[in-house]
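Taking it in order: structure first as C-alpha cells, then the write-up.
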Amino acid sequence: MSQIVTRFAPSPTGYLHIGGARTALFNWLFARGRGGKFLLRIEDTDRDRSTPEATAAILQGLTWLGLDWDGEAVSQFDRKDRHAEVAHQMLARGTAYKCFSTAEEIAAFRADQEAKGASYAVFLSPWRDADPATHPDAPFAIRMKAPRTGETIINDAVQGIVTFRNDQLDDMIVLRSDGTPTYMLAVVVDDHDMGVTHVIRGDDHLNNAARQTMVYQAMGWDIPVWAHIPLIHGPDGKKLSKRHGATAVGDYQAQGFPAAGMRNYLTRLGWAHGDDELFTSEQAMAMFGLEGIGRSPARLDFKKLESTSGWHIARTDDAALLHEVQGYLTASGQPALTKGQHDLLLRAMYCVKDRAKTFPELIEKAHFALISRPVAADEAAAKALDTVSRGILKELTPRLQTANWTKDALEAILNDVAAAHGIGFGKLAAPLRSALAGRTATPSVYDMMLVIGQDETIARLNDAAA
RNA sequence: GGCCCGUUCGUCUAUCGGUUAGGACACCUGGUUUUCAACCAGGUAAGAGGGGUUCGACUCCCCUACGGGCUGCCA
C-alpha cells in the first residue's frame, strides 16, 4: 500500500460531539504518525438537517483540538453529480436497477409485515428483474442489485472477521427518485475518489460496512481497511446524551481543559499501548495503531481528564499556556485580561501551573496576581488579620523597604521577624497571605511577593496593617 | 422481532492458555510542608452467570443475562 489516507466525515447537524472528536483524533493520529493524509469531508447531503453553523462549529472544534486536516474540507453535497454518475454506471454494469415502487407501497408492505406479526422482512423490489420494456414512465429510484445468497465478510481491524448473510440485506437505494444520492452511495464514492485507504469510524457503521462493501464490489473498486471503534458512553454506561452534561467539544474548552490534555485523554479512551498513560501528541503518533483499539465502549471519567490535563498544563511553556488561557476566557464568555493582568499572570505562571488541573483552577491560584488594590479579604482571610498580626505587618514593611528583592533575602527577613515575636513562620504566613491575596489558600508567600514586586507588596501590607 | 457487536478493580485499561491478574485515575493511610495544592510512600479493589475444550482457562467454543448498534428514498 502506498500512502495512508484517512478521513473524518461528520454530518453538520450540530456541534462537534465528543465521540466524533475522538473518531477524528484516531484518524488524525493514524495518518499523521505514518506520513499519511488526514482529510475532512462534511456529509451534508441531508439538506433539511445540515446547517452552515454546524459546519463552522465542527471546524472550530477540530481546530481547537489541534486536529489539522489536509486540503480543503470536502462538501459531500457538492459532489452529488458524481454520485449520480456512479449510480448510472452501476445501472449500465447491471449491478443496479430502476425501481418504480413508491414510498407508499413500501410503507404498506412494512405495515403489512408488522400486522402479520411476522419477523421484520427485507423489502424485495418487484422491479429487480423486470423487463425494461415494462418500465412505466414514472419517477424511479436506483437500487443496488445486491447478491441474494451467500455472505458478505467484513475484515475489520478492530472487530475482526464479521460475517453477514446476504439474505438479511435488502437492495438499498443508491439514488433517490429525485436524483439525489443516498448516504450509502455517497460515502463509498467519496472515499474511493478521495483515495481513502483506512476507514476509521464509530461502530454504529459496522452494519453499513457490509452494504458498502457491495457497492465497492459492484464498481470493482478496492475495499479500504475498516476499523470500527466502539462508541463513548456517559459515566452511567448509557449512550452519551445531553443529560450527561458536556457532550460538545466546545463545552470542554469552555470548562478550561487544555487541548493537549483532551487529546491525551481521548487517545487513551478505548485505546492502549501497554501501560503508557501520559504522552504528547508526537509520542502518541509514534505509538498509535489500530491493533491497540479496544472492542468495548468506554465511559467518560472527568477526574481522569482533569488529572491528565494537569500533567499537560504543568508541561506547557508559560507563553503558550497564557495564550490558551486567553482562549479559554473568550470561550467561556469571561472578560479578557488587561495588559497588566496579562503581564502579571505570565510572571506568576511558574508558581501556579504545577498545581492546576484546569484553567479556572489556574486562574484561581493566580488570583493574587490578577487583583488590584485595595485587596478584598474573604471572611477567613480577614480573621487572620487580627490586631497582633497587623502590628507585626507594620513592623515588617520598613524592613522590606530596604530589602533585596530575592527569595533568600525575603526569607531571612521573615524568619527574623517571626523569631523576634516568638512565633513560627506559619503564624506569620497567614496574615501575609491575607494581605497579599485576600485568601487563606495561595501559592508560597515568597512567590507572591516576587511576582507582584516590592512596591505592590509593601502597598498591600500597608493597606492591611492600617 | 431479525441481524451484528460488546462484558477484567468504581472508571480507563494490560494480559494475546500457565502471572501473587499489572499500570493509571479516583478513594483511604502515612510522609513532606507556610495555607491550598503539587509531590513521595503504602493500601483497599476485578475476570457477568452457567456449561464445555484442555494437563491447565480472564484468554478458545456454546448458552443465558445485561449493555450497545443496525434494521429509512437519515447520516
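Side-chain atoms are counted along with the backbone in the values below, which use heavy atoms only and exclude waters and symmetry mates.
Residue contacts shown for A/Ala430 are absent, as no nucleic acid heavy atom lies under 4.0 Å away. A/Ser177 comes within 4.0 angstrom of a nucleotide base, judged by non-hydrogen atoms across all strands. In this structure, A/Asn208 reaches the bases: a heavy-atom distance under 4.0 Å links it to at least one base atom across the strands shown. No contact: A/Thr180 has no heavy atom under 4.0 Å from any strand. Looking at heavy-atom distances under 4.0 Å, A/Arg49 makes contact with a base. Across all strands, A/Thr163 comes closer than 4.0 Å only to sugar-phosphate atoms, never to a base (heavy-atom distances). Looking at heavy-atom distances under 4.0 Å, A/Ser101 makes contact with a base. A/His205 comes within 4.0 angstrom of a base, heavy atoms only. Within 4.0 Å of A/Gly270, counting heavy atoms only, lie sugar-phosphate atoms of the nucleic acid but no base atom.
Here A/Asp129 pairs with A/Lys145 in a salt bridge; the nearest charged N to carboxylate O distance falls below 4.0 Å. Ion pairing between a basic and an acidic side chain is recognised when a charged N comes within 4.0 Å of a carboxylate O; A/Arg79 and A/Asp193 show such pairing. Between A/Arg268 and A/Asp276 there is no salt bridge, since none of the side-chain N atoms of the basic residue sits less than 4.0 Å from a carboxylate O of the acidic one.
Rounded to whole Å, the distance from CD on A/Gln212 to C1' on B/rA75 is 11 Å. For the pair A/Ile293 CD1 and B/rC16 C1', the interatomic distance rounds to 17 Å; values are reported in whole Å. In this structure, A/Arg165 places its CZ atom 8 Å from P of B/rC4, rounding to the nearest Å. At whole-Å resolution of the value, CH2 in A/Trp271 and P in B/rG23 are 19 Å apart. Put simply, CG on A/Leu206 is 15 Å from P on B/rC3, counting in whole angstrom units. Whole-Å rounding puts the A/His273 NE2 to B/rU15 P distance at 10 Å.
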Nucleotides 28-45 of chain B: protein proximity per nucleotide (B base, S sugar-phosphate only, - neither; heavy atom, under 4.0 Å): ------BBBBS-------
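One donor-acceptor pair, N or O on each side, does fall under 3.5 Å between the base of B/rG23 and the side chain of A/Glu277. Contact of A/Asp275 with B/rG22 (side chain to base): a donor-acceptor pair of N or O atoms is detected under 3.5 Å.
Between A/Arg295 and the phosphate of B/rU13, there is no side-chain N or O to OP1/OP2 separation shorter than 4.0 Å.
For A/Phe38 and A/Phe30, the distance between ring centers is not under 6.0 angstrom.
Comparing B/rU13 with B/rU8, their P atoms are spaced 9 Å from each other, to the whole Å.
At least one donor-acceptor pair closer than 3.5 Å links the side chain of A/Arg390 to the backbone N or O of A/Leu385.
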Stepwise side-chain contact (heavy atoms from CB on, under 4.5 Å) test for A/Leu59 and A/Leu40: CA-CA 9 Å; A/Leu59 299 193; A/Leu40 181 60; 3.3 Å; yes
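Heavy atoms of other residues, nucleotides or ligands lying less than 6.0 angstrom from NZ of A/Lys427 number 12 at most.
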